[in-house]
2 protein chains.
Amino acid sequence: MEEHENSRCENCIIRQINSFKALKKEELKQMSDHKETRKVKKGEILFKEGERLSGVYCVRSGISKLSKLSDNGKDQIVKLAGKGEVLGQRSLITSEQTNLSATALEDMDVCYIPKNHIQESLMQNPVFTNTVLKRMASELKTADHTIVNMAQKSVRQRLARGLLYLGDSFGTDEDGFLYLQLSRSNLADIVGTATELLIRTLTKLKKEGAVSISGKRIKLEDKKLLYAIAEGI
Amino acid sequence: MEEHENSRCENCIIRQINSFKALKKEELKQMSDHKETRKVKKGEILFKEGERLSGVYCVRSGISKLSKLSDNGKDQIVKLAGKGEVLGQRSLITSEQTNLSATALEDMDVCYIPKNHIQESLMQNPVFTNTVLKRMASELKTADHTIVNMAQKSVRQRLARGLLYLGDSFGTDEDGFLYLQLSRSNLADIVGTATELLIRTLTKLKKEGAVSISGKRIKLEDKKLLYAIAEGI
DNA sequence: ATTGTCAACTGACAAAAATCATCTTTTAAG
DNA sequence: CTTAAAAGATGATTTTTGTCAGTTGACAAT
């Protein structure tokens with residue numbers, strides 16, 4: 001079966017934006033020969049919290065949410081992962097079951113890479129290991145920041161910050177609306193509150209002119225105000 | 001200047017419980033020749049959020065808090081670090097300023113290790129890098145869990161969990177009281193709430209028989225109850 | 001056309017948490 | 001020992017958040 005050149009890891013543009021850029025020609029070839037491209041429909045689950053993964057997913061396009069179920073039955077979205085992110089890496093490194101579930105928020109294209117290739121490179125390519133380590137350290141910093149926000153900030157503050165984050169991470173469409181259209185329920189799961197309160201808080205931001213809303217579509221009208229809200233009170 | 005054998009990294013027992021066990025003889029020797037032992041008094045600050053570190057601290061004894069200031073002026077304790085922990089590693093890996101402050105909660109003995117030795121080993125010793133990576137991945141998992149707890153659980157639940165954590169991490173004294181005696185204010189900064197509410201919540205746990213209290217000293221009387229509270233409502 | 005489902009929204013109320021004021025106890029300093 | 005300062009504790013009040021019940025509107029299935 002002959003593959004088109006573009007579908008080979010060696011030529012994949014995604015590689016420019018993640019740790020895989022530190023891999024050697026030989027490793028990429030190996031990886032490419034054993035990878036498996038896969039389409040994931042919006043709403044589909046890539047993996048569930050508690051599963052053991054036999055590989056990682058490299059996101060080529062589309063956005064997914066990484067979430068964790070709390071004891072009280074509510075979902076908390078810990079992170080949104082788009083193009084270039086590698087899903088499942090953490091649990092592969094520690095050889096544990098995943099602690100998060102991954103669900104597609106849009107149709108996605110992903111590459112599945114069996115774990116042995118990643119693990120070999122982690123053992124034998126120090127540059128790669130270092131790159132992964134740097135990413136992990138950076139994620140840890142973000143996580144610490146999130147902990148403080150969750151513990152110390154109000155729903156209003158967290159929502160303002162969340163909206164800015166959505167803008168920064170995934171940009172806007174031609175009309176200036178946030179590219180990623182989340183349901184109110186998903187937004188609530190990012191902010192860490194109930195859907196009802198999320199809706200009320202969002203409505204208030206709209207009345208204050210910080211955002212405008214058209215159905216699922218949200219536009220950040222006054223980023224400075226949002227920023228001030230996120231910091232202050 | 002002649003050093004006692006025990007004060008050399010090669011013989012340090014701490015090495016058994018952190019990433020340094022993956023270092024080679026030669027690296028340890030180098031490290032030992034350039035380390036600097038230091039005593040830190042209770043209340044003293046090892047480093048402040050935003051500083052640039054020129055090395056890491058290896059904790060030989062004593063416990064420190066790693067905290068971050070929120071925009072609203074409140075401190076959030078992100079982690080408690082005791083014997084064997086290496087402080088400042090994350091910011092060293094990403095070559096950034098620290099995102100956390102480290103303060104001694106007890107008198108401490110620490111070793112200061114200049115960064116170049118760590119960085120060299122990270123570049124040249126894949127086993128060491130891998131060990132650090134594993135630790136970092138593990139911390140990230142914990143952090144994700146904390147995010148969910150902060151976002152989804154009540155102060156009561158978080159306090160119950162926090163007390164169990166203190167017991168598990170630092171043990172109890174001969175009378176069964178938690179070894180680490182924190183001020184109510186520090187406890188509040190762990191749980192992520194105001195001191196007043198922390199006191200009230202703690203008092204309630206006492207009335208319910210989950211804990212007993214004698215000044216700063218806290219005894220976990222009914223761990224199962226605490227566990228149930230942490231999970232349920 | 002009818003039904004059913006689901007997401008978005010609203011009102012009313014209850015519970016949780018923050019805030020402010022005050023008082024007591026403990027601790028540290030002179 | 002005395003005194004000042006800090007930590008601990010409690011009451012009263014306000015604000016924030018959660019919960020329950022119900023309405024509306026869009027859309028798909030029949």
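Each chain gets a letter, A, B and so on, in the order the sequences are listed, and its residues count up from 1.
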Task: All pairs passing salt bridge (charged side-chain N to carboxylate O under 4.0 Å, His left out) where residues 132-149 of chain A contributes a residue, at least two apart - done: A/K79-A/E139, A/K141-B/E96
Protein-nucleotide distance ([X], atom [atom1]; [N], atom [atom2]), rounded to Å:
| X | N | atom1 | atom2 | result |
| --- | --- | --- | --- | --- |
| A/R158 | D/dG18 | CZ | P | 7 Å |
| A/M150 | C/dA17 | CE | P | 16 Å |
| B/L197 | D/dG8 | CG | P | 15 Å |
| A/I213 | D/dG25 | CD1 | C1' | 17 Å |
| B/D189 | C/dA18 | CG | C1' | 15 Å |
| B/Q157 | C/dA15 | CD | P | 16 Å |
| B/L202 | D/dT10 | CG | C1' | 14 Å |
| B/L159 | C/dA17 | CG | P | 11 Å |

Could you go over nucleotides 20-22 of chain C and give all protein N or O partners under 3.5 Å, atom names and distances?
unit_1: C/dC20; atom_1: N4; unit_2: B/E196; atom_2: OE2; d: 3.2

TODO: Scan B/K74 against the nucleic acid and name what it touches under 4.0 Å (heavy atoms): base, sugar-phosphate only, or nothing.
DONE: sugar-phosphate
TODO: Give A/T193 one of three labels, base, sugar-phosphate or nothing, depending on what nucleic acid heavy atoms sit under 4.0 Å from its own.
DONE: sugar-phosphate
- [ ] Return the 5'-most residue of the pair A/I199, A/A151 with respect to DNA chain C, ranking by each residue's nearest nucleotide.
- [x] A/I199
- [ ] Output the distance between atom CD (A/Q152) and atom CG (B/D75), rounded to the nearest 0.5 Å.
- [x] 8.0 Å
For a quick test of reading the model: is some side-chain N or O of [X] closer than 4.0 Å to OP1 or OP2 of [N]?
| X | N | value |
| --- | --- | --- |
| B/R184 | D/dA9 | yes |
| B/K216 | C/dT26 | no |
| B/T203 | D/dA9 | no |

- [ ] Quickly, which of B/K83, B/K41, B/K39, B/R60 forms a salt bridge (Lys or Arg N to Asp or Glu O under 4.0 Å) with B/D109? Name it, please.
- [x] B/K39
Open item on the list: By nearest atom, which of the nucleotides D/dT19, D/dT17, C/dA8 is closest to the A/V155 side chain?
Closed with: D/dT17
Task: side-chain hydrogen bond (donor to acceptor under 3.5 Å, both in side chains) involving A/N72 - partner list, sequence neighbours excluded - done: A/S70
Open item on the list: Do B/L80 and B/I190 make a side-chain contact, defined as non-hydrogen atoms from C-beta onward lying under 4.5 Å apart?
Closed with: yes
Task: Closest non-hydrogen atom pair between A/S64 and A/L46, with its separation - done: CB-CD1, 4.4 Å
Task: Aromatic centroids of A/F170 and A/Y179 separated by under 6.0 Å - done: no
